Amino acid sequence: MAARIFLYLIAIVIVLVLLAGIAWTLFQDELLEMALVPGDTIEMLEEVEDSAYANRAMWLARPDIENPPSDWLPEGYVDYDADEIATGDAAQADGSRIPVFYVLPTTYLDRDRWNAPIRSPAALERQQLFAASQASVFNRIGDIWAPLYRQAVVGAFLTSHRNAEVALRFAYQDVEAAFDYFLSEIGEEQPFVIAGHSQGGLHLTTLLHERIAGTPLADRIAAAYLIGWPISVEADLPALPLPACERASSSGCIVAFQSFAEPADPHQITRIYDESTGYTGAPRRDTAMLCVNPLTGRADGDAATADANLGAIVPNDAMNDARLAPGLVSARCDERGLLLVGQPPGEFGRYVLPGNNYHVFDFLLFWSNLRADVERRVAAFAEARR
């Protein structure tokens, strides 16, 4: 009798697991909204004061902060020379350093508000992890400036509610204020790089359109890394002051991609992308997203095998350190503008998003190649200005 009851219990558990899987498959969008989207009330935030970002406490990294997380390097890492891995004509670096304005992705996961506090203990560890794994790509070419800002919470990206748009606008205003302070500190003629991921990529794309387009600032940008955010080739790119990076040796251009394993289901992105309007005023629906292959440095459909991958960053189980793994994944841009990396790499099982979306690992999968990519583009930019 006891054995029969046990078998009944096992059968009930199996049925419940199957039902949960079916419910997740059918209603994952609704379930994610219920779990992560804040309520109907949004706090109206005051703009930060003009001098706010003079305070070091408003930054995760900048030159006068000792041992920022962006200084991290994997143990035993040896830099490649940019000209050794260039797939086009590469210029030699002249040894000068160039500042990098880096904007963090979304790190506040609670649904108790629409905008995170500037400093959140709940988000700080994730901010440090992202700065270490992403902004470290750029630490060889120059100093990293990484502002803290009242970012929109993760639920703002799962809904078309008006509050989401308001929260993102509040967040952008902080980023623009930090950028203005960054400009005041680096000098009027100094070239720079901008880089961001996910929400950070969105705010930098908006910055290009609203703050930089039509000004001399555009001519000072050696490269823009707007990774993990969809940019429409037809509805957005023509209204931005920089083109896509068409060649590995291009400079003054945009690198953007979104990583998916196969089979890829990007509906979590496209369900909002398809209902939105681009910076040109045209609808984004049925338009390809910008995809620059980080293994080739080109915006085309050419595939690159895993042999071209100089090294992915593979985090340990505790997510407090990582190792470099060359030759781990391949990459190709498909007709939709998704960066496909082949079958799901087993080393990144945790934190993969629905649809085989490797969003969290966009930088990590191609860390060494992106590091060489920015060095090559900065060298080409310096050569073109001589």
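Predicted, not measured: the structure shown is a model, and the values here were computed from it. Start at 1 with the first residue, then count along the sequence.
Inter-residue side-chain proximity for V329 and L295 is flagged as unmet; no heavy-atom pair is nearer than 4.5 Å. At least one side-chain heavy atom of I141 sits under 4.5 Å from a side-chain heavy atom of V193. Residues S368 and L324 have side chains in contact (heavy-atom distance under 4.5 Å, counting atoms from C-beta outward). Looking at R211 and L217, their side chains come closer than 4.5 Å, going by heavy atoms from C-beta outward. A heavy-atom distance below 4.5 Å is not found between the side chains of Q127 and R119. Between R385 and P191 the shortest side-chain heavy-atom distance falls below 4.5 Å. L168 has its side chain within reach of F157: a pair of non-hydrogen atoms, C-beta onward, lies under 4.5 Å apart. Side-chain contact between T277 and P283 is absent, with no heavy-atom pair separated by less than 4.5 Å.
Exactly one of I227, V352, L353 qualifies for a side chain to side chain contact (heavy atoms under 4.5 Å, CB included) with H359. That residue is L353. Screening Q151, Q199, Q134 against P105 for a side chain to side chain contact (heavy atoms under 4.5 Å, CB included) leaves a single residue, Q134. When each of L207, L204, V103 is checked for a side chain to side chain contact (heavy atoms under 4.5 Å, CB included) with Y172, only L207 meets the rule.
The residues R140 and E375 are annotated as salt-bridged, a charged nitrogen and a carboxylate oxygen being separated by less than 4.0 angstrom. Salt bridge status for R169 with E47: absent, with no side-chain N to carboxylate O gap under 4.0 Å. Under a 4.0 Å N-O distance rule, the pair D236/R284 qualifies as a salt bridge. The residues R62 and D143 are annotated as not salt-bridged, no charged nitrogen and carboxylate oxygen being separated by less than 4.0 angstrom.
Rounding to the nearest 0.5 Å places SG of C291 at 11.0 Å from CD1 of I231. Rounding to the nearest 0.5 angstrom, the gap separating the CG atom in D362 from the CZ atom in F257 is 5.5 Å. If you take CG on D174 and CG on L148, they are separated by 10.0 Å, rounding to the nearest 0.5 Å. Rounding to the nearest 0.5 angstrom, the gap separating the CD1 atom in I254 from the CG atom in L240 is 5.0 Å. Here CG of L290 is found 9.5 Å from CD of Q258. Values are rounded to the nearest 0.5 Å. Once rounded to the nearest 0.5 Å, the distance linking CD of E66 with CG of D64 reads 9.5 Å.
Shortest non-hydrogen contact noted between S198 and T106 is OG-OG1, 4.5 Å. Closest approach of L60 and A131 over heavy atoms only: CD2-CB, 3.7 Å. Heavy atoms only, all atoms of each residue included: C333 and D300 are closest at CB-O, 3.6 Å. The minimum heavy-atom distance between N369 and P294, with the atom names listed, is CB-O, 3.4 Å. Nearest approach of D274 to D286, heavy atoms of both residues: OD1-N, 4.0 Å. The shortest non-hydrogen separation linking A322 to I313 is CB-CG2, 3.3 Å.
S330 contributes no side-chain N or O that, together with a main-chain N or O of A306, makes up a donor-acceptor pair within less than 3.5 Å. No side-chain donor-acceptor contact under 3.5 Å links D110 to the backbone of V153. Remark: the backbone N or O of L104 is paired with a side-chain donor or acceptor of Y149 at under 3.5 angstrom. Judged by distance alone, with hydrogens and angles left aside, the side-chain atoms of S250 form a donor-acceptor pair with the main-chain N or O of R247 at under 3.5 Å. For D334 (side chain) and G337 (main-chain N/O), a donor-acceptor pair under 3.5 Å exists by modelled atom type. Checking side-chain atoms of N139 against main-chain N and O of S70 turns up a donor-acceptor pair under 3.5 Å. The backbone N or O of P63 sits nowhere less than 3.5 Å from a side-chain atom of W145 that would complete a donor-acceptor pair. For N293 (side chain) and R298 (main-chain N/O), no donor-acceptor pair under 3.5 Å exists by modelled atom type. A distance-only check finds no donor-acceptor pair linking the side chain of R271 to the backbone of P266 [under 3.5 Å]. Judged purely by atom type and a 3.5 angstrom limit, R220 uses its side chain to pair as donor or acceptor with the backbone of E188.
You'll find the ring centres of F101 and F179 inside the 6.0 Å limit.
Judged by the 6.0 Å distance and 45° axis criteria, R371 is not positioned over the aromatic ring of F366.
Hydrophobic clustering, with ILVMFWY side chains joined whenever heavy atoms are under 4.5 angstrom apart, groups F361 together with L328. Using a 4.5 Å cut-off between side-chain heavy atoms of Ile, Leu, Val, Met, Phe, Trp and Tyr, with links allowed through other members, F381 and V374 fall into different hydrophobic clusters.
For residues 314-345, there are no ring-ring contact (aromatic ring centres under 6.0 Å, His included) pairs, not counting sequence neighbours.
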Margin query: I'd like to know whether T107 forms a side-chain contact (heavy atoms from CB on, under 4.5 Å) with V154, so could you lay out the CA-CA distance, the side-chain angles of the two residues, the decisive distance to 0.1 Å, and finally the verdict.
Written below: CA-CA 7 Å; T107 56; V154 68; over 6 Å; no
Next item on the list: Determine, stepwise, if the pair C253 / R377 fulfils side-chain contact (heavy atoms from CB on, under 4.5 Å).
Entry: CA-CA 9 Å; C253 57; R377 296 193 195 282; 4.0 Å; yes
Next item on the list: Could you walk me through whether E262 and R332 pass salt bridge (charged side-chain N to carboxylate O under 4.0 Å, His left out), step by step?
Entry: CA-CA 11 Å; E262 299 181 69; R332 68 180 177 89; 3.4 Å; yes
Next item on the list: Would you please test L237 and T280 for side-chain contact (heavy atoms from CB on, under 4.5 Å) and show each step?
Entry: CA-CA 8 Å; L237 197 57; T280 63; over 6 Å; no
Next item on the list: Go through the steps to decide whether I194 and Y102 satisfy the test side-chain contact (heavy atoms from CB on, under 4.5 Å), and finish with yes or no.
Entry: CA-CA 6 Å; I194 61 173; Y102 163 80; over 6 Å; no
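The closest side-chain donor-acceptor pair between S136 and W367 falls under 3.5 angstrom. Counted by atom type alone, T296 and D302 present zero donor-acceptor pairs between their side chains at under 3.5 Å. Residues Y279 and T206 bring a donor and an acceptor atom of their side chains to less than 3.5 Å of each other. A donor-acceptor pair shorter than 3.5 Å cannot be found between the side chains of N115 and Y108.
Heavy atoms from other residues, nucleotides or ligands lying under 6.0 Å from CD of Q190 number more than 12. Summarising the local packing, CD of E125 is surrounded by 12 or fewer heavy atoms from other residues, nucleotides or ligands at distances under 6.0 Å.
Residue F260 belongs to a hydrophobic cluster whose other members are I269, Y273, M289, L338, L340, with links defined by side-chain heavy atoms closer than 4.5 Å.
Taking the six-membered ring where tryptophan is involved, the planes of F363 and F138 are perpendicular, since the angle between them exceeds 60° and thus also 30°.
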